[in-house]
Amino acid sequence: MEKKGKNTSQKKNLAKMQTMKLNDCKAVILKLVDELLDATSMMSNSPSIKEQWSIHLVIVNLLSKINQFEAEFDLKPLSQRNDQSIEKLTKWATKNGAILNGVEIHQFENYEYGMKATKDIAVGDKLVTVPRALMMTEENIPSSPLWKLHSQDMMLRNMPNVALAIFILVECLRKDKKSFWHSYLTTLPVTYSTPVYFDVADLEALKGSPAFEAALKLNRNIARQYAYFKKLFQLSNDPASVILKDTFTYEYYSFHGGLESD
């Protein structure tokens, strides 16, 4: 009995230490988020490319620190894209009215998943039909936990792409029930080819091109949006904030929020 009681006590102490460690991480992250908000807002009216690049390096440094602390929360990957999840996606989609006519989802060697023909296809053949009921759009937000916050927050109301990114995260991370789009969400790509996924060297290689300034702006916007919502979720108690309060990370947001925004 003494040994059992000792083991129980050790487990409780370990759990307490882990909780304290995570709470310390949260506090540090919020301080870094304040710095990130400052960094993404300190641009002059007509910034030079040199100034934008200097600020980008500050942002990258802050996000690197934030990612290190957020990694302590050991959150699961949002997507598990493989042949099994693709098969579940196909079954879910066709069960709910999607039609695949002479094509199937297939992983090509040395490439990602794509559509493969399973029969001869004539010009004008309709290959894929997806009913609107299967699509994740802003129209679905009123029936989701995000609705209350969406109706109150100006950024969510005025930026549909940002609202959709947060909506996807809510549906991925909600625990009250499995999302209707679960089979779709688990098959999303794990990376994209947008500048949000470029490292410093990749972005620096764009210097002198028309894409360089746009890439810096995109990265700055995503970082600012992340910082804004990170603080918002900590200070709010609406259903969506409750879901995302301890699960919203920069990695998660850049995964679904890497869309160009003004």
Side-chain angles (χ1 to χ4, degrees), residues 33 36-37 40 70 73 75-81 85 88-99 128-192 194 196-197 217-262:
V33 164
L36 186 59
L37 279 172
T40 55
E70 289 186 333
F73 294 92
L75 298 174
K76 65 179 182 178
L78 295 180
S79 180
Q80 299 160 359
R81 187 182 244 204
S85 61
K88 290 180 180 178
L89 168 65
T90 303
K91 289 181 178 178
W92 168 78
T94 53
K95 177 183 177 181
N96 287 282
I99 299 173
V128 180
T129 302
V130 180
R132 193 168 185 84
L134 287 180
M135 301 177 186
M136 290 191 77
T137 70
E138 261 201 310
E139 294 177 0
N140 305 118
I141 290 178
S143 60
S144 83
L146 182 58
W147 174 239
K148 183 177 180 180
L149 185 62
H150 182 272
S151 64
Q152 298 171 342
D153 185 78
M154 289 290 291
M155 185 182 293
L156 291 174
R157 290 208 308 272
N158 295 328
M159 299 182 69
N161 55 336
V162 174
L164 187 57
I166 299 297
F167 178 37
I168 290 173
L169 284 176
V170 168
E171 290 300 309
C172 283
L173 297 167
R174 64 187 301 175
K175 290 183 170 60
D176 58 325
K177 65 177 183 178
K178 182 181 286 189
S179 172
F180 170 71
W181 295 280
H182 175 77
S183 296
Y184 162 70
L185 295 170
T186 56
T187 59
L188 290 172
V190 294
T191 60
Y192 298 87
T194 69
V196 175
Y197 293 86
K217 181 182 178 182
L218 175 61
N219 277 272
R220 189 169 65 250
N221 285 348
I222 297 301
R224 183 168 64 244
Q225 291 163 15
Y226 156 79
Y228 171 81
F229 284 114
K230 186 73 173 182
K231 292 201 71 173
L232 179 64
F233 297 145
Q234 297 302 313
L235 299 173
S236 306
N237 290 308
D238 60 274
S241 294
V242 170
I243 292 170
L244 298 176
K245 194 181 296 287
D246 294 327
T247 55
F248 183 75
T249 66
Y250 178 75
E251 182 178 346
Y252 276 1
Y253 186 63
S254 62
F255 178 70
H256 291 304
L259 308 171
E260 184 164 1
S261 54
D262 295 326

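Residue numbers count from 1 along this sequence. Treat the numbers as computed from the prediction; the structure is a model and nothing was measured.
- In terms of modelled atom types and a separation under 3.5 Å, the side chain of Ser179 and the main chain of Trp181 share a donor-acceptor contact.
- Residues Leu244 and Tyr252 fail the side-chain proximity criterion, which asks for heavy atoms closer than 4.5 Å.
- For the atom pair Asp153 CG and Lys148 NZ, the distance stands at 13.5 Å (nearest 0.5 Å).
- From Lys178, atom NZ reaches atom OG of Ser183 across 7.0 Å, with rounding to the nearest 0.5 Å.
- Heavy atoms from other residues, nucleotides or ligands lying under 6.0 Å from NZ of Lys245 number more than 12.
- Here the side chain of Glu70 pairs a donor or acceptor atom with the backbone of Tyr250 at under 3.5 angstrom.
- Contact detail for Leu75 and Thr249: the closest heavy-atom pair is CD1-CG2, 3.6 Å.
- When all heavy atoms of Thr94 and Lys91 are compared, the closest pair comes out as OG1-O, 3.2 Å.
- The distance from atom CG of Asp238 to atom CG of Leu146, rounded to the nearest 0.5 Å, is 8.0 Å.
- Ser241 contributes no side-chain N or O that, together with a main-chain N or O of Asn237, makes up a donor-acceptor pair within less than 3.5 Å.
- Without hydrogens or angle criteria, Thr129 side chain to Ile99 main chain gives no donor-acceptor distance under 3.5 Å.
- Asn96 places a side-chain N or O within donor-acceptor distance of the main-chain N or O of Trp92, the cut-off being under 3.5 Å.
- By the 4.5 Å heavy-atom criterion applied to side chains, Met155 and Leu232 are not counted as neighbours.
- Atom CG of residue Leu188 and atom OG of residue Ser79 lie 5.5 Å apart, to the nearest 0.5 angstrom.
- Minimum interatomic distance between Thr137 and Phe167 (heavy atoms only, all atoms of both residues): O-CE2, 3.7 Å.
- Here Arg157 contributes atom CZ and Ile141 contributes atom CD1; the two are 12.0 Å apart, rounded to the nearest 0.5 Å.
- Residue Leu185 comes nearest to Met136 through the heavy atom pair CD2-SD, 3.7 Å, listed as atom of the first residue, atom of the second, then distance.
- When atom types are taken as modelled, the side chain of Ser236 and the backbone of Phe233 share no donor-acceptor pair closer than 3.5 angstrom.
- Closest approach of Met135 and Asn140 over heavy atoms only: O-OD1, 2.9 Å.
- Remark: the backbone N or O of Ala165 is not paired with any side-chain donor or acceptor of Tyr253 at under 3.5 angstrom.
- Minimum heavy-atom separation, Thr247 to Ile243: OG1-O, 2.7 Å.
- Within the 4.5 Å cutoff, the side chain of Thr186 has no heavy atoms near those of the Lys88 side chain.
- Within a 6.0 Å radius of OH in Tyr184, other residues, nucleotides and ligands contribute 12 heavy atoms or fewer.
- Between the CG atom in Leu149 and the CD1 atom in Ile166 there is a gap of 8.5 Å [rounded to 0.5 Å].
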